[in-house]
4 protein chains.
Amino acid sequence: MQLGLVGLGRMGGNMRERLRAAGHEVVGYDRNADRSDVTSLAELAEKLDGPRAVWVMVPAGVTDTTIDAVAEHLGDGDLIIDGGNSRFSDDAPRAERLATRGIGYLDVGVSGGVWGKENGYALMVGGAQEHVHRLMPIFEALKPAGEHGFVHAGPVGAGHYAKMVHNGIEYGLMHAYAEGYELLTKSELVTNVPGVFKSWREGTVVQSWLLDLLDRALDEDPDLSDLSGYTEDTGEGRWTVDEAIRLAVPLNVIAASLFARFTSRQEDSPAMKAVAALRQQFGGHAVHKR
Amino acid sequence: MQLGLVGLGRMGGNMRERLRAAGHEVVGYDRNADRSDVTSLAELAEKLDGPRAVWVMVPAGVTDTTIDAVAEHLGDGDLIIDGGNSRFSDDAPRAERLATRGIGYLDVGVSGGVWGKENGYALMVGGAQEHVHRLMPIFEALKPAGEHGFVHAGPVGAGHYAKMVHNGIEYGLMHAYAEGYELLTKSELVTNVPGVFKSWREGTVVQSWLLDLLDRALDEDPDLSDLSGYTEDTGEGRWTVDEAIRLAVPLNVIAASLFARFTSRQEDSPAMKAVAALRQQFGGHAVHKR
Amino acid sequence: MQLGLVGLGRMGGNMRERLRAAGHEVVGYDRNADRSDVTSLAELAEKLDGPRAVWVMVPAGVTDTTIDAVAEHLGDGDLIIDGGNSRFSDDAPRAERLATRGIGYLDVGVSGGVWGKENGYALMVGGAQEHVHRLMPIFEALKPAGEHGFVHAGPVGAGHYAKMVHNGIEYGLMHAYAEGYELLTKSELVTNVPGVFKSWREGTVVQSWLLDLLDRALDEDPDLSDLSGYTEDTGEGRWTVDEAIRLAVPLNVIAASLFARFTSRQEDSPAMKAVAALRQQFGGHAVHKR
Amino acid sequence: MQLGLVGLGRMGGNMRERLRAAGHEVVGYDRNADRSDVTSLAELAEKLDGPRAVWVMVPAGVTDTTIDAVAEHLGDGDLIIDGGNSRFSDDAPRAERLATRGIGYLDVGVSGGVWGKENGYALMVGGAQEHVHRLMPIFEALKPAGEHGFVHAGPVGAGHYAKMVHNGIEYGLMHAYAEGYELLTKSELVTNVPGVFKSWREGTVVQSWLLDLLDRALDEDPDLSDLSGYTEDTGEGRWTVDEAIRLAVPLNVIAASLFARFTSRQEDSPAMKAVAALRQQFGGHAVHKR
């Protein structure tokens with residue numbers, strides 16, 4: 001089927017290729033003319049037969065303005081899909097705004113990173129059943145080949161919600177492996193830490209794709225000596241904890257994983273300075289001066 | 001090759017089958033005569049040609065007494081393998097004790113649970129290279145068919161150490177999924193929680209064997225309504241945190257997972273009673289009476 | 001000086017008494033006529049000489065509507081003070097709204113609970129220096145007698161911000177004592193747990209007002225047997241963690257204290273059900289059925 | 001009364017002064033002859049009338065050897081008091097060893113730091129009632145002047161146990177203030193962070209001696225710019241968490257405080273390197289190279 005695709009960066013560009021390989025007709029637009037199939041959103045809209053479907057794949061910060069710009073060229077019966085990393089709470093207001101012009105809306109959480117082009121993208125979709133149904137050929141082409149990798153999670157917002165929780169879980173999983181890694185590196189007994197991780201890839205309870213990737217990283221750099229522990233976090237991790245707080249869900253593991261990233265970016269910890277100050281005051285404990 | 005196998009419970013019994021299916025000659029002993037191939041440890045030792053190898057697969061609480069009883073019937077050049085859930089710090093003293101009689105020692109962390117008989121057992125081995133080498137045919141038969149699932153992790157103790165960390169990581173992984181599960185069940189947006197988990201099995205960063213199992217559990221009982229959250233913990237989880245404290249490794253995620261199990265077994269929390277008492281004292285906050 | 005006081009519940013009512021005892025002229029309004037000095041906000045405004053100052057002391061949920069209602073009767077040069085538990089981020093919009101009518105605004109975090117009437121209320125104030133200066137006689141009367149208990153923390157919002165962090169710290173402090181309490185109650189060695197807490201009230205690093213209160217609670221009920229651990233949380237605790245996430249501040253202790261309150265209110269934990277389900281799947285571990 | 005006092009470092013030396021000021025006869029011994037009243041333990045024993053009481057106040061690492069050396073010169077009916085930072089689990093074996101020679105034993109957790117000489121030392125005592133009774137004049141002289149600051153917590157071991165939990169709580173309390181401090185320093189709204197802490201010293205729920213000390217530290221160095229966050233931990237904090245794990249007590253807050261100290265001493269975090277490696281592998285996320 002036909003699909004308009006706005007945003008042809010690493011993700012969008014790869015998705016265009018995967019969709020075309022599956023026989024779909026993709027009209028892509030990007031501000032960067034080198035990647036773009038058309039010179040404007042107007043032209044993109046023109047090249048699609050109605051009812052049109054336009055997938056927006058742009059950074060979270062410009063999603064709303066992009067969607068509004070796309071909507072200028074669409075009309076009753078058309079459909080906009082946001083596949084970016086929007087916060088789930090932005091979806092319902094957006095859908096209502098579009099609905100006033102008769103435009104439908106789907107939110108899609110997309111997982112897969114640099115591996116998606118080849119292996120397929122996992123898709124978590126929120127929106128009305130009829131809209132999901134209409135896009136199924138596109139979803140089928142993007143998703144992995146197996147029986148999993150796609151879910152209609154609920155109404156508008158549910159797709160980004162599921163993706164948010166996915167990323168929160170991911171934070172916790174990664175940090176669990178990371179803590180085990182650190183403990184093994186500190187052990188006086190285990191002399192073959194990369195070998196231990198490699199061995200776990202089969203027959204264990206901890207086997208996973210993340211473990212495979214960690215093994216791959218240790219193959220390339222057995223003691224990770226080229227890397228710094230400085231680690232960014234993304235909106236999804238923060239939103240997950242915020243949402244847990246709103247719903248009174250105890251989220252100790254995921255929150256600890258998020259906080260560890262915050263700590264990793266600090267040169268020195270103001271909190272620990274306060275602890276050091278207290279120790280000095282009450283115990284005359286020696287402290288480290290800067 | 002020949003192997004003596006002491007302890008034919010669920011794990012040991014399945015291992016005997018897997019080893020025999022691979023063509024090895026296993027002489028098994030168990031206190032339960034129905035399962036046992038011989039009537040005594042003496043008979044077991046007699047039936048094995050020297051140098052003998054005896055694998056002990058008994059509950060942690062009786063490992064030392066069992067190994068000492070086995071050693072009574074062995075001698076110079078023989079080899080004892082402990083495949084149970086021993087604490088790594090018990091291995092070196094045990095090895096030294098056996099060494100005075102010329103008996104070698106390997107410690108093996110075994111993962112695989114009820115799935116191991118069919119899929120193979122992941123093996124983490126600690127001990128001398130020569131002892132590992134001698135047992136390789138056995139290890140080859142027990143391990144999964146692929147290229148992973150076996151590691152010689154280091155000297156005596158390293159096998160149980162690696163298994164301990166494996167279980168610590170497992171605690172963290174499980175709890176990360178569990179927190180995500182709880183958040184999804186509380187969400188007003190996601191109407192298809194089991195479907196979300198099922199979809200993640202392909203194309204996502206969180207795909208893993210544990211996720212497959214969670215999907216399986218949700219297939220059987222979509223809202224886990226038949227289960228209580230009361231959850232036991234095992235030695236390995238506690239040892240992992242103890243060891244992290246000894247080595248000054250921050251282990252927030254794994255410790256939180258362990259503590260959550262402690263909490264799950266409390267009818268009421270003495271700590272929270274103290275918090276409630278404080279709130280009542282300073283704020284006149286209403287409290288729940290028992 | 002003259003002060004209008006809107007909201008004469010437990011806090012507001014006690015504050016009126018403390019202010020009057022200090023010689024101030026307080027005109028109080030409450031929806032409950034029994035407590036009220038006037039029958040309407042219009043009458044309250046009438047009874048005050050300009051420039052007027054009106055202190056609003058109502059539940060967080062009705063603060064904005066109350067302030068807007070009060071503002072209807074005030075004008076250029078008047079001043080509204082919010083002493084309730086507003087979220088700091090509500091203060092700046094509110095101040096801007098009032099500024100369009102020439103009305104000044106101060107936000108005041110008030111601590112003291114049921115003890116404030118006698119001991120004085122700690123006050124954390126946000127707003128313009130001139131407004132703070134004008135209200136100082138009132139602040140002096142409300143605050144404790146000593147040299148502490150009052151701070152002009154910064155511009156509008158800073159007062160509620162400081163109070164929010166105060167409450168976040170309070171969560172952590174309370175939970176630290178609570179964990180120590182639980183550990184002592186579980187110990188086989190310590191036979192006099194209330195005596196230990198009482199002894200700590202002097203000469204130790206952990207002496208505090210909260211400790212005094214815990215001792216008081218243990219005097220009344222030595223094993224807290226009359227209490228349930230079910231514990232509410234308030235906005236400030238949640239806002240503190242949300243704000244820490246916004247500012248990338250690792251807040252492990254306060255977050256853990258907040259999460260423990262969430263857990264205390266659960267009959268059973270969906271997360272732990274998921275853990276139990278996983279354990280059953282991979283290990284055939286016995287689980288507790290409901 | 002008479003007391004032998006072994007170990008005249010900062011703590012022991014101050015205690016000798018406080019005891020003498022109260023009229024007691026203290027015979028002190030220290031390896032450092034400048035501080036010592038006698039030249040040997042033999043002379044110390046000789047100078048005391050029977051039944052003798054000798055208080056040992058030495059670093060934890062040499063407590064057992066010191067006590068054994070002291071015991072060489074004591075006999076039936078004498079009493080040894082350990083006021084050092086021993087692990088509670090060392091007390092019972094020590095008491096049994098001394099009992100074979102008829103020597104009694106008390107373990108005393110001592111709090112007070114550099115402030116104890118003037119304000120008195122809080123004492124948590126474990127041992128037999130008759131031994132506690134015999135030492136009461138000494139305890140009375142050492143403890144603070146008020147009604148608190150002393151407890152007979154239980155049998156041998158209970159004194160060090162109570163002190164251990166005291167220190168665990170102290171970790172949590174300090175870190176709660178520290179987190180609040182960090183959040184305030186990051187806030188765009190609060191312009192007077194030291195003023196906020198100072199104000200909290202009266203009328204608030206968070207008032208405490210630790211808060212007074214933090215205010216003192218901020219008076220000396222308002223942004224703690226002279227300090228590093230590098231912070232040591234002591235045995236008691238680790239033992240508290242170990243003991244909680246043994247007793248299945250969830251100790252999230254105290255454990256998080258302990259882990260934060262571990263983190264404060266790391267130049268880079270191996271765990272976070274592993275997280276960074278994973279992010280690089282699955283997402284092509286930019287990482288920081290060392």
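In what follows, chains carry the letters A, B, and so on, assigned in the order in which the sequence lines appear, proteins first and then strands, with residues in each chain numbered from 1. As the structure is a computational prediction, the values presented were derived from the model and not from experiment.
A distance of 11.0 Å separates CZ of C:F197 from NE2 of D:H166, quoted to the nearest 0.5 Å. From C:S187, atom OG reaches atom CD of D:E243 across 6.5 Å, with rounding to the nearest 0.5 Å. Rounded to the nearest 0.5 Å, atoms OG1 (D:T204) and CH2 (C:W115) are 13.5 Å apart.
In plain terms, the two heavy atoms of C:S208 and D:S208 that are nearest each other are CB-CB, 3.3 Å. Heavy atoms only, all atoms of each residue included: C:A162 and D:V190 are closest at N-CG2, 4.5 Å. Summarising the geometry of C:L189 relative to D:V156, their closest heavy-atom pair is CD2-O, 3.5 Å, with the distance given to 0.1 Å.
With a 4.5 angstrom heavy-atom cutoff, C:V110 does not touch chain D via any of its atoms. Heavy-atom distances place the backbone of C:F150, and not its side chain, under 4.5 Å from chain D.
Identified under the salt bridge (charged side-chain N to carboxylate O under 4.0 Å, His left out) test for residues 157-184 of chain C, with sequence neighbours left out: C:E182-C:K186. Counting only residues at least two apart or in different chains, salt bridge (charged side-chain N to carboxylate O under 4.0 Å, His left out) contacts with residues 187-203 of chain D comprise C:R246-D:E188, D:K198-D:D215, D:K198-D:D219, D:R201-D:D212, D:R201-D:D215.
The stretch residues 249-261 of chain C places C:V249, C:P250, C:L251, C:N252, C:V253, C:I254, C:A256, C:S257 near chain D, each with some heavy atom under 4.5 Å from a heavy atom of that chain.
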For the pair C:I169 and D:W200, evaluate side-chain contact (heavy atoms from CB on, under 4.5 Å) and give the outcome as yes or no after the intermediate values. CA-CA 11 Å; C:I169 292 173; D:W200 287 345; 3.4 Å; yes
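With a 4.5 Å cut-off on side-chain heavy atoms, C:S111 and D:V205 count as touching. Within the 4.5 Å cutoff, no side-chain heavy atoms of D:W209 are placed close to those of C:V206. A heavy-atom distance below 4.5 Å is found between the side chains of C:L183 and D:Y161.
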Can you give me every donor-acceptor pair (side chain of residues 118-132 of chain C, partner residue at least two apart or in another chain, under 3.5 Å) with its distance?
unit_1: C:Y121; atom_1: OH; unit_2: C:K117; atom_2: N; d: 3.3
unit_1: C:Q129; atom_1: OE1; unit_2: C:H152; atom_2: ND1; d: 3.4

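With hydrogens and angles ignored, the 3.5 Å screen pairs a side-chain donor or acceptor of D:T191 with a backbone N or O of C:A153.
D:E147 CD: 12 or fewer foreign heavy atoms inside a 6.0 Å radius.
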